[in-house]
Amino acid sequence: MHSAITASAPAGSASRAPLTQTRDIEITRIGAQGDGIGDGVFTPLTLPGERARVRIEQGRGEVEALLSASPERVEPPCPHFGDCGGCALQHWADAPYLAWKRERVIEALSREGLETEVLATFASPPGSRRRLALHARAGKGGAVVGFKGRRSWKLTPIDTCVIADPRLVAALPALRTLARPFLEHPKSAPTLHVTLTRTGLDIDVTGVERKSGGLSADARVRAAEAAQAGDFARVTLAGETIYGSRQAVVTLGPARVALPPGAFLQAVPAAEAAMADFAVEAVSGAARIADLFCGVGTFTFRLAQVGSVLAADSAEPAIAALKAAAGATPGLKAITAEARDLARRPVLARELSKIDAVVFDPPRAGALEQSREIARSPVSRVVGVSCNPATFARDARVLVDAGFRLERVLPVDQFLWSPHVELVGVFSR
């Protein structure tokens, strides 16, 4: 194996390992963060079976030369790949990439002693993301927007994004103009949370310095003028309206919902539909359904075409939006919605005594306390939706120990070319 020390430890520390070295390494697997791993070294932008000459610092490698490429390697479609930190796996062919995501779900379940049918991964197509978080920084002649660089806090300016809906890409020049007023304070580091809705772009800006008084009146006027010029639906500053020409409306099943500023929304409509269809099919025949961690109603309105729904979420604006949309959508079974912190005050087993099926879609931390209450309830059908296979498996273990059977799991690749994987699991007893 080739090995060369390019920098060594300080004098008097001869027994210590070199600070920097170059070695030839064979990559054996892809780690959880999307890095290739071989000989204990994490090396981004490599694939299993490849040999690479790697410069190693503190256990992490950078490829100096690819000595032999995997047959699974493909040409990355984005010109920013390698610099931008947003996509780690564009260089991997679709079939092995999607199989790896499925295997990640299987491994997470296995760590909790769970086995079940894990279906083929649902693949979100390129050009389908309706949500982006764009960082803005001062640049020559104005603002630049982009994503954080790979292994860096430095901004990578972008002029295209192959995962984003083309309408978001087309709006990048207008978004750069919008960003300028939010950079008036040198300590501001704005992030533009951009959502494509039926009525145009909805942008919530965070990261603006507030201790010194926040955004000035002049900057607010300039931001509103930029929003009008860009024909945006709404611009808010941490939820506070700066500009609003029309409601930001999205379609969720049969309903049209006016989004609260900064509200959670699934990133890809096709992935949302796949997860919702899977959940609805699983609860078919249920007369009374609980939709827990419901948000603005991603699953609620579709479930209300099957049976009556008890919907609960901690976000009061989301619940208010859900109620308003429910009242304006004909043909639904009854929806009862409640603002409730399910982590601290889960729906109790006795409250679920008249519920036939439960759907729950918690944040990354999972729903341990709520799962315990479901386990103690008489509910016989449960659908768990998760953005974190590890916490899903932990919560699934609680249900299985209470007599549920995990029937099947659908992995969902919503965040294309990232190591992130989501899933929907169906339980019965």
Side-chain angles (χ1 to χ4, degrees), residues 104-119 275-276 278-295 298-300 302-304 306-315 319 335-412 421-429:
R104 289 199 62 204
V105 172
I106 293 171
E107 289 173 355
L109 295 173
S110 175
R111 284 192 288 270
E112 293 290 345
L114 300 172
E115 293 184 3
T116 189
E117 178 187 12
V118 179
L119 304 172
M275 292 189 287
F278 197 74
V280 169
E281 180 186 10
V283 302
S284 177
R288 297 157 299 185
I289 306 165
D291 182 13
L292 308 180
F293 307 93
C294 63
T298 300
F299 299 100
T300 308
R302 296 169 168 102
L303 295 171
V306 175
S308 62
V309 179
L310 167 64
D313 193 274
S314 62
I319 291 295
I335 296 175
T336 303
E338 176 186 5
R340 178 169 179 164
D341 186 342
L342 296 172
R344 297 183 178 183
R345 194 163 65 91
V347 177
L348 301 177
R350 59 179 171 78
E351 297 176 87
L352 294 171
S353 61
K354 295 183 179 180
I355 295 293
D356 302 313
V358 172
V359 176
F360 68 104
D361 180 15
R364 288 190 63 81
L368 184 57
E369 293 305 319
Q370 186 60 73
S371 296
R372 288 170 175 163
E373 292 299 326
I374 295 170
R376 287 191 280 264
S377 79
V379 169
S380 60
R381 174 72 50 164
V382 175
V383 178
V385 184
S386 178
C387 59
N388 185 344
T391 55
F392 172 85
R394 179 202 65 195
D395 298 344
R397 182 76 258 174
V398 172
L399 296 177
V400 169
D401 287 345
F404 281 93
R405 181 171 68 92
L406 179 56
E407 293 184 350
R408 61 192 181 278
V409 171
L410 173 68
V412 176
V421 60
E422 308 198 346
L423 61 89
V424 189
V426 177
F427 302 82
S428 65
R429 66 177 172 188

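Of all heavy-atom pairs between Phe427 and Gly384, the closest is CE1-N, 4.3 Å. What you find for Leu114 and Ala396 is that their closest heavy atoms are CD1-CB, 3.7 Å. Listed here is the closest heavy atom pair of Thr116 and Glu407: OG1-O, 2.9 Å. Considering every non-hydrogen atom in both Cys387 and Pro363, the closest pair reads SG-C, 4.2 Å. Of all the heavy atoms in Ala286 and Asp356, the pair that sits closest is CB-CB, 3.9 Å. The two residues Gly425 and Val409 have their closest heavy-atom pair at CA-CG2, 4.1 Å.
Panel note: side chain Arg376, backbone Leu348; no donor-acceptor pair is recorded below 3.5 Å. A donor-acceptor pair is defined here as one N or O able to donate and one able to accept, closer than 3.5 Å; no such pair exists between the side chain of Ser371 and the backbone of Val398. For Ser110 (side chain) and Ile106 (main-chain N/O), no donor-acceptor pair under 3.5 Å exists by modelled atom type. No donor-acceptor pair closer than 3.5 Å links the side chain of Glu369 to the backbone N or O of Arg344. Formation of a donor-acceptor pair under 3.5 Å by the Glu373 side chain with backbone atoms of Ala349 is found in this model.
Heavy atoms from other residues, nucleotides or ligands lying under 6.0 Å from CZ of Arg350 number 12 at most.
In summary, Arg104 and Glu107 do not engage in a salt bridge, as defined by a charged side-chain N under 4.0 Å from a carboxylate O. Between Glu338 and Arg345 there is a salt bridge, since at least one side-chain N of the basic residue sits less than 4.0 Å from a carboxylate O of the acidic one.
Separation of atoms OG (Ser308) and CD1 (Ile335) is listed at 9.5 Å; rounding is to 0.5 Å. One finds the OG atom of Ser377 at 15.0 Å from the CZ atom of Arg372 (value rounded to the nearest 0.5 Å). Annotation: the span from Arg394 atom CZ to Glu112 atom CD amounts to 8.5 Å, rounded to 0.5 Å. The structure places CZ of Phe392 at 12.0 Å from CZ of Arg397, a figure rounded to the nearest 0.5 Å. Taking CG of Asp395 as the start and CG of Leu368 as the end, the distance is 5.5 Å to the nearest 0.5 Å. With rounding to the nearest 0.5 angstrom, the CG atom of Leu423 is 7.5 Å from the CG atom of Leu109.
Of the listed residues (Asp313, Leu303, Val358), just one forms a side chain to side chain contact (heavy atoms under 4.5 Å, CB included) with Asp291, and that residue is Leu303.
Counting only heavy atoms from C-beta outward, the side chains of Arg288 and Val309 never approach each other to under 4.5 Å. Annotation: side chain of Val385 is in contact with side chain of Phe299 (closest heavy-atom distance under 4.5 Å). For the pair Phe278/Leu119, a side-chain contact is recorded, criterion being any heavy-atom separation below 4.5 Å from C-beta on. Side-chain contact between Ile289 and Val306: present, with at least one pair of heavy atoms (C-beta onward) separated by less than 4.5 Å. Between Thr298 and Asp361, the closest side-chain pair of non-hydrogen atoms is not below 4.5 Å.
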In sequence, state the C-alpha distance, the side-chain angles, and the governing distance for Leu342 and Val347, and then conclude on side-chain contact (heavy atoms from CB on, under 4.5 Å). CA-CA 7 Å; Leu342 296 172; Val347 177; 3.8 Å; yes
Intermediate values then yes/no, side-chain contact (heavy atoms from CB on, under 4.5 Å), Phe360 and Val382: CA-CA 8 Å; Phe360 68 104; Val382 175; 3.5 Å; yes
Evaluation steps, salt bridge (charged side-chain N to carboxylate O under 4.0 Å, His left out), between Arg302 and Glu281: CA-CA 10 Å; Arg302 296 169 168 102; Glu281 180 186 10; over 6 Å; no
Salt bridge (charged side-chain N to carboxylate O under 4.0 Å, His left out) evaluation trace for Arg364 with Glu422: CA-CA 10 Å; Arg364 288 190 63 81; Glu422 308 198 346; over 6 Å; no
side-chain contact (heavy atoms from CB on, under 4.5 Å) between Ile319 and Cys294, intermediate numbers included: CA-CA 8 Å; Ile319 291 295; Cys294 63; 3.7 Å; yes
